[in-house]
Amino acid sequence: MKPHPRIRKTIKWGGAVVTVLLVVVWVGSGWYGVVWTGRNGHQWSVYSGMVTVLLPSESLHGKTVAIRGVGRTVGTFQWLPYWSVDTLWSTLGLPLWIPLVPLLPCTALAGRLDTLARRRVRLNLCPNCGYDRTGLPGGAVCPECGDRPSSV
């Protein structure tokens with residue numbers, strides 16, 4: 001029986017956990033917002049389904065700037081990314097659904113490959129090509145692809 005590669009299981013379960021966390025934060029950000037301001041004046045916030053970064057311009061470095069609270073309408077999600085630059089701030093906004101676009105197919109593919117590998121082991125199929133190994137001795141080479149099964 002060939003063991004499952006760790007990378008496939010890591011991608012499958014890690015992707016599932018990250019997907020669930022992103023969806024929870026995305027949906028939760030419609031009701032609650034979080035704002036963090038760093039010592040250098042950078043401001044990170046999560047609200048309305050979006051992560052927003054405010055970067056102060058060079059003219060503001062070293063100066064005290066009053067940052068007003070983030071205003072938003074509860075339940076209104078931002079769907080498109082944006083970038084704006086003015087004399088005081090540069091603002092970058094990234095919706096939380098965008099990282100889900102590549103993450104979901106990769107997680108689904110890793111889950112499918114893991115299911116296929118477990119099925120091949122259960123049905124005594126060659127792990128490489130899927131040839132039915134019923135009737136072959138335990139350590140025999142696969143007649144289809146020449147792959148040798150790993151020892152249990």
Side-chain angles (χ1 to χ4, degrees), residues 1-57 67 69-86 89-152:
M1 179 168 94
K2 202 172 200 175
H4 300 348
R6 289 184 183 168
I7 189 76
R8 187 174 58 227
K9 286 199 177 282
T10 302
I11 291 171
K12 179 179 88 171
W13 290 110
V17 168
V18 170
T19 299
V20 168
L21 286 175
L22 269 175
V23 168
V24 167
V25 169
W26 181 43
V27 171
S29 69
W31 292 288
Y32 300 101
V34 177
V35 178
W36 177 79
T37 304
R39 285 182 281 181
N40 56 2
H42 295 111
Q43 180 180 342
W44 295 76
S45 57
V46 178
Y47 66 95
S48 296
M50 178 171 283
V51 174
T52 306
V53 181
L54 276 78
L55 306 172
S57 68
I67 299 175
V70 178
R72 65 175 177 84
T73 306
V74 176
T76 302
F77 283 91
Q78 301 292 326
W79 293 98
L80 298 175
Y82 65 88
W83 171 259
S84 68
V85 178
D86 61 18
W89 300 97
S90 296
T91 307
L92 171 67
L94 181 70
L96 289 170
W97 65 265
I98 289 179
L100 290 174
V101 171
L103 185 64
L104 284 174
C106 291
T107 303
L109 179 63
R112 172 68 180 138
L113 291 175
D114 190 50
T115 302
L116 183 62
R118 284 186 288 124
R119 179 182 174 272
R120 285 182 174 175
V121 167
R122 187 181 74 240
L123 295 177
N124 194 26
L125 302 175
C126 175
N128 190 32
C129 67
Y131 180 80
D132 188 4
R133 297 184 49 85
T134 305
L136 294 176
V141 176
C142 176
E144 238 357 85
C145 67
D147 190 32
R148 188 175 294 279
S150 61
S151 58
V152 177

> Under the side-chain hydrogen bond (donor to acceptor under 3.5 Å, both in side chains) definition, can you give me all pairs with a residue in residues 134-146, not counting sequence neighbours?
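Qualifying pairs: D132-T134.
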> Rounded to the nearest 0.5 Å, what separates atom CG in L113 from atom CZ in R8?
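L113 atom CG to R8 atom CZ measures 6.0 Å (nearest 0.5 Å).
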> Show every ring pair (Phe, Tyr, Trp, His ring centres under 6.0 Å) that has at least one partner inside residues 101-144, sequence neighbours left out.
none
> State, yes or no, whether a side-chain contact exists between Q78 and P95 at a heavy-atom distance under 4.5 Å.
no
> To the nearest 0.5 Å, tell me how far T91 OG1 sits from Y82 OH.
6.0 Å
> Can you tell me how far apart CG (L92) and CG (L54) are? Round to the nearest 0.5 Å.
9.5 Å
> What donor-acceptor contacts under 3.5 angstrom involve side-chain atoms of residues 96-110, with partners at least two apart or in another chain?
unit_1, atom_1, unit_2, atom_2, d
W97, NE1, W79, O, 2.9
T107, OG1, L103, O, 2.9

> Quick check for you: to the nearest 0.5 Å, what is the distance between L116 atom CG and L125 atom CG?
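These two atoms lie 9.0 Å from each other.
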> Please step through side-chain contact (heavy atoms from CB on, under 4.5 Å) for the pair S29 and F77, ending with a clear verdict.
CA-CA 9 Å; S29 69; F77 283 91; 4.2 Å; yes
> Roughly how far, to the nearest 0.5 Å, is the CZ atom of R119 from the CZ atom of R122?
7.0 Å
> Which atom names give the shortest non-hydrogen contact between W83 and V85, and what distance separates them?
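That would be NE1-CG2, 3.3 Å.
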> Looking only at heavy atoms, which two atoms of H42 and P56 are closest? And how far apart?
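Looking at all heavy atoms of both residues, the closest pair is CD2-CD, 3.8 Å.
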> Which pair of non-hydrogen atoms, one from K12 and one from D114, has the smallest distance, and what is that distance?
NZ-OD2, 2.6 Å
> Would you name the heavy atoms of T37 and Q43 that are closest together and state the gap between them?
OG1-CG, 3.9 Å
> Would you mind telling me which of V24, V18, V17 makes a side chain to side chain contact (heavy atoms under 4.5 Å, CB included) with L21?
V17
